[in-house]
Amino acid sequence: MDLTVIRCRRWRRDQMAAETGVPWVLPSPNMPTPDTALVYPGTGMFEGVASMTEGRGTTRPFELVGGLATEFDNHWADRLAARNLPGVEFREAYFSPTIAGQKPDLLNKLCAGVEVKVVDPARFDPIRTAVAMLVEARRYPAFAWQADSWDATRPYWIDKLSGSTRLPTDRNGRVSQSGALPVRHDAAGGLFRAEQPVLLHLEPDRHRLVGGEPGTAEGHPPVLLPVVGAGG
């Protein structure tokens, strides 16, 4: 295939969509704002949780995440806030999704959870944040992964979303944000080096930093790669 990629004019790799001055065009009905796009790479993994909604059918899809108010509560927000994750804050939230997708039990029901508010896009890491959210959500007895019956080797939908079977098979809850990140960042560093020859907008001194410092693998935008837990 003969592929030609057109270079964008007056655009820098460190620019967020809201900084370009170009009107936001919804790429999906559930991607209404640039804020949604910031959190989606992480909170989109909640599509793999059967007992929780990722906020579809609300005015803040993927920013509002929660489960039935009879099964989840405000302590999830408290525990996430205590983690002091970079670039993000969590607000206790209650909402009723008007779209349920594969989760009809949640349709139009009162749900309790959190609003994910990005306060510093340069430091925010959506994958690290989502893994922490999943770890804390698993404390609730009602938490359940979304099954995927047609794939015996990867029996849960989260296996596809995360690129690994590690999250659901970690029965003792030993996956942690510190255990999940080192391999992902190392792999991201390898990907970053491999893509240099073909990037049309390479500006090494102007890369937007996500979850790290310049010159490190952590300093480059996160990619969804296998999640590895601490131990077992």
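The residues of the chain are indexed from 1 along the displayed sequence. Side chains are part of it too, since the values below use all heavy atoms of this structure and drop only hydrogens, waters and symmetry mates.
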(Q) Under the side-chain hydrogen bond (donor to acceptor under 3.5 Å, both in side chains) definition, can you give me all pairs with a residue in residues 99-114, not counting sequence neighbours? (A) Glu54-Lys103

(Q) For Glu136, give me all partners under salt bridge (charged side-chain N to carboxylate O under 4.0 Å, His left out), at least two apart in sequence or on another chain. (A) Arg79, Arg83, Arg139

**Q.** Distance (rounded to the nearest 0.5 Å) between Leu64 CG and Thr58 OG1
**A.** 4.5 Å

Q: Report yes or no: do Asp151 and Thr153 form a side-chain donor-acceptor pair below 3.5 Å?
A: yes

Q: Verify the cluster assignment for Met16 and Phe124: are they in a single hydrophobic cluster under the rule of side-chain heavy atoms below 4.5 Å apart?
A: yes

(Q) With rounding to the nearest 0.5 angstrom, report the CD to NZ distance, Gln146 to Lys160. (A) 11.0 Å

(Q) So Leu80 and Val114, do their side chains get closer than 4.5 Å, heavy atoms only? (A) yes

Q | Residues forming a salt bridge (charged side-chain N to carboxylate O under 4.0 Å, His left out) with Asp73, sequence neighbours excluded | A | none

Q) Can you check whether Leu134 reaches Phe143 side chain to side chain, under 4.5 Å on heavy atoms? A) yes

(Q) For a quick test of reading the model, state the closest non-hydrogen atom pair linking Thr129 to Val88 and the distance between them. (A) OG1-CG1, 4.1 Å

Q: Flag the pair Arg154 and Asp148 as a salt bridge only when some basic side-chain nitrogen lies within less than 4.0 angstrom of an acidic carboxylate oxygen.
A: no

Q: Could you work out the complete set of other residues in the hydrophobic cluster of Trp150, with links drawn between I, L, V, M, F, W and Y side chains under 4.5 Å apart?
A: none

Q) If you take all heavy atoms of Leu106 and Thr53, which pair is closest and at what distance? A) CD1-N, 3.6 Å

(Q) In the structure I gave you, are the side-chain heavy atoms of Asp78 and Phe90 within less than 4.5 Å of one another anywhere? (A) no

List the atom pairs, with distances to 0.1 Å, where a side-chain N or O of residues 21-33 and a protein N or O form a donor-acceptor pair under 3.5 Å, not counting sequence neighbours.
{"unit_1": "Trp24", "atom_1": "NE1", "unit_2": "Met31", "atom_2": "O", "d": "3.1"}
{"unit_1": "Trp24", "atom_1": "NE1", "unit_2": "Pro32", "atom_2": "O", "d": "3.3"}
{"unit_1": "Ser28", "atom_1": "OG", "unit_2": "Asn30", "atom_2": "N", "d": "3.3"}
{"unit_1": "Thr33", "atom_1": "OG1", "unit_2": "Asp35", "atom_2": "N", "d": "3.2"}
{"unit_1": "Thr33", "atom_1": "OG1", "unit_2": "Thr36", "atom_2": "N", "d": "3.3"}
{"unit_1": "Thr33", "atom_1": "OG1", "unit_2": "Thr36", "atom_2": "OG1", "d": "3.1"}

Q. Below 4.5 Å, heavy atoms only, C-beta onward: do Met133 and Trp76 meet side chain to side chain?
A. yes

Q: Give, for atom OH of Tyr94 and atom SG of Cys111, the distance between the pair rounded to the nearest 0.5 Å.
A: 11.5 Å

Q: Determine, stepwise, if the pair Tyr140 / Met52 fulfils side chain to side chain contact (heavy atoms under 4.5 Å, CB included).
A: CA-CA 11 Å; Tyr140 292 92; Met52 303 185 75; over 6 Å; no

Could you pull out all donor-acceptor pairs under 3.5 Å where a side-chain atom in residues 43-51 meets a protein atom, sequence neighbours excluded?
{"unit_1": "Thr43", "atom_1": "OG1", "unit_2": "Val39", "atom_2": "O", "d": "3.1"}
{"unit_1": "Thr43", "atom_1": "OG1", "unit_2": "Phe62", "atom_2": "O", "d": "2.7"}
{"unit_1": "Glu47", "atom_1": "OE2", "unit_2": "Arg56", "atom_2": "NH2", "d": "2.4"}
{"unit_1": "Ser51", "atom_1": "OG", "unit_2": "Ala142", "atom_2": "O", "d": "3.0"}
{"unit_1": "Ser51", "atom_1": "OG", "unit_2": "Ala144", "atom_2": "N", "d": "2.9"}

